[in-house]
Number of protein chains: 2
Amino acid sequence: MGLIKTEKFSESQNQIALFAKAFGHPARVAIIQHLFKINACVCGDLVEEIGLAQPTISQHLKELKNLGLIQGTIEGTSVCYCINKDNWTAMKTLLNDFFNNNLDSNTCC
Amino acid sequence: MGLIKTEKFSESQNQIALFAKAFGHPARVAIIQHLFKINACVCGDLVEEIGLAQPTISQHLKELKNLGLIQGTIEGTSVCYCINKDNWTAMKTLLNDFFNNNLDSNTCC
DNA sequence: TTTGTATATCGCAATATTACGATTAATATT
DNA sequence: AATATTAATCGTAATATTGCGATATACAAA
């Protein structure tokens with residue numbers, strides 16, 4: 001198979017999994033961290049920054065873009081990428097709710 | 001290929017990606033949520049709760065166990081699973097640091 | 001108009017993931 | 001001992017992901 005049975009799960013569970021999968025590759029983690037570090041649009045230098053081939057980086061950027069976590073604006077021949085603040089915040093809320101379950105009252109093991 | 005080039009990234013970036021990948025499947029999200037909801041050890045009922053075949057659930061549990069996020073104790077013929085609090089907290093800290101970058105001063109796009 | 005530069009897409013090979021039937025292992029029950 | 005129950009493991013098929021060379025596209029500069 002290799003095919004996820006999304007129909008078995010809630011929309012929220014599938015959404016959490018989709019966002020988490022986006023961060024499930026170190027290159028995409030590095031891309032996001034670099035966008036935060038530079039704290040502005042990044043035009044072009046991601047390939048040398050990350051150290052993978054240009055088509056590979058382009059593909060990772062596409063995935064993050066499709067999820068809405070980043071956005072790109074064309075500037076002449078290059079494209080400037082940055083975090084999409086609204087969607088980033090929404091993703092953070094969803095994942096924080098998932099992470100921040102109360103462990104204190106859990107009494108077992 | 002299909003092989004992640006981990007040597008290109010920092011230990012932290014790889015660790016974030018490994019944890020995120022664990023949540024990159026809705027079944028594993030559902031398992032964790034159920035463990036939190038029940039708020040105690042779960043013995044056996046995960047298969048009917050999630051709705052995938054027993055070997056499939058067992059495999060997902062193994063992945064979460066290998067990462068240290070859950071732990072299982074044998075109780076007779078069944079196994080009781082629960083969240084590993086210490087490791088869960090450590091994971092949460094790592095991912096929160098990654099998520100909670102300051103977006104306010106980001107001035108672009 | 002030709003050339004250069006930057007990014008996206010195509011196509012493919014290698015590897016990983018998902019799912020589950022069949023089986024095994026280990027303990028409980030009768 | 002024989003049988004039942006529960007979970008892990010094996011083996012395998014289907015699909016997804018990763019990575020990159022080759023190519024296409026789009027704009028800039030000469």
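Chain A is the first sequence line, chain B the second, and so forth, proteins listed ahead of strands; every chain is numbered from 1.
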Between F23(B) and F23(A), ring centroids under 6.0 Å:
no
Would you tabulate the nitrogen or oxygen pairs shorter than 3.5 Å linking the protein to nucleotides 26-30 of chain D?
none

Can you list, in residue-number order, the parts of residues 46-66 of chain A that come under 4.0 Å of DNA chain C, counting heavy atoms only?
Q54(A), P55(A), S58(A), K62(A), K65(A)
Could you list the residues that satisfy ring pair (Phe, Tyr, Trp, His ring centres under 6.0 Å) with F19(A), not counting sequence neighbours?
none
Write down the partner of dT30(C) under the Watson-Crick or G-U wobble criteria, each distance required to be under 3.5 Å.
dA1(D)
Excluding sequence neighbours, so at least two apart, what forms side-chain contact (heavy atoms from CB on, under 4.5 Å) with I74(B)?
V79(B)
In chain order, what residues pass the side-chain hydrogen bond (donor to acceptor under 3.5 Å, both in side chains) check against Q33(B), with sequence neighbours excluded?
Q13(A)
Not counting sequence neighbours, which residues clear side-chain contact (heavy atoms from CB on, under 4.5 Å) with D45(A)? List them please.
H34(A), V42(A), E48(A)
Closest non-hydrogen atoms of G72(B) and Y81(B), given as atom of the first, atom of the second and distance, are CA-CD2, 3.7 Å
Near DNA chain D, counting only heavy atoms under 4.0 Å, which residues of residues 1-13 of chain A show up?
M1(A), G2(A), L3(A)
Reading DNA chain C from 5' to 3', where do the contacts with chain B start and stop? Cut-off is 4.0 Å to heavy atoms.
dA13(C) to dA28(C)
Please determine whether the number of non-hydrogen atoms from other residues, nucleotides or ligands lying under 6.0 Å from atom CD of E11(A) exceeds 12.
no
Specify whether H25(A) and H60(A) have parallel, tilted or perpendicular ring planes, treating 30° as the upper limit for parallel and 60° as the lower limit for perpendicular.
tilted
Can you sort out the partners of E63(A) under side-chain hydrogen bond (donor to acceptor under 3.5 Å, both in side chains), two or more places apart, ordered by chain and number?
R28(A)
A90(A): what forms a side-chain contact (heavy atoms from CB on, under 4.5 Å) with it, not counting sequence neighbours?
none
Residue list, side-chain contact (heavy atoms from CB on, under 4.5 Å) with K62(A), at least two apart or on another chain:
N66(A)
According to side-chain hydrogen bond (donor to acceptor under 3.5 Å, both in side chains), who are the partners of T93(A), at least two apart in sequence or on a separate chain?
none
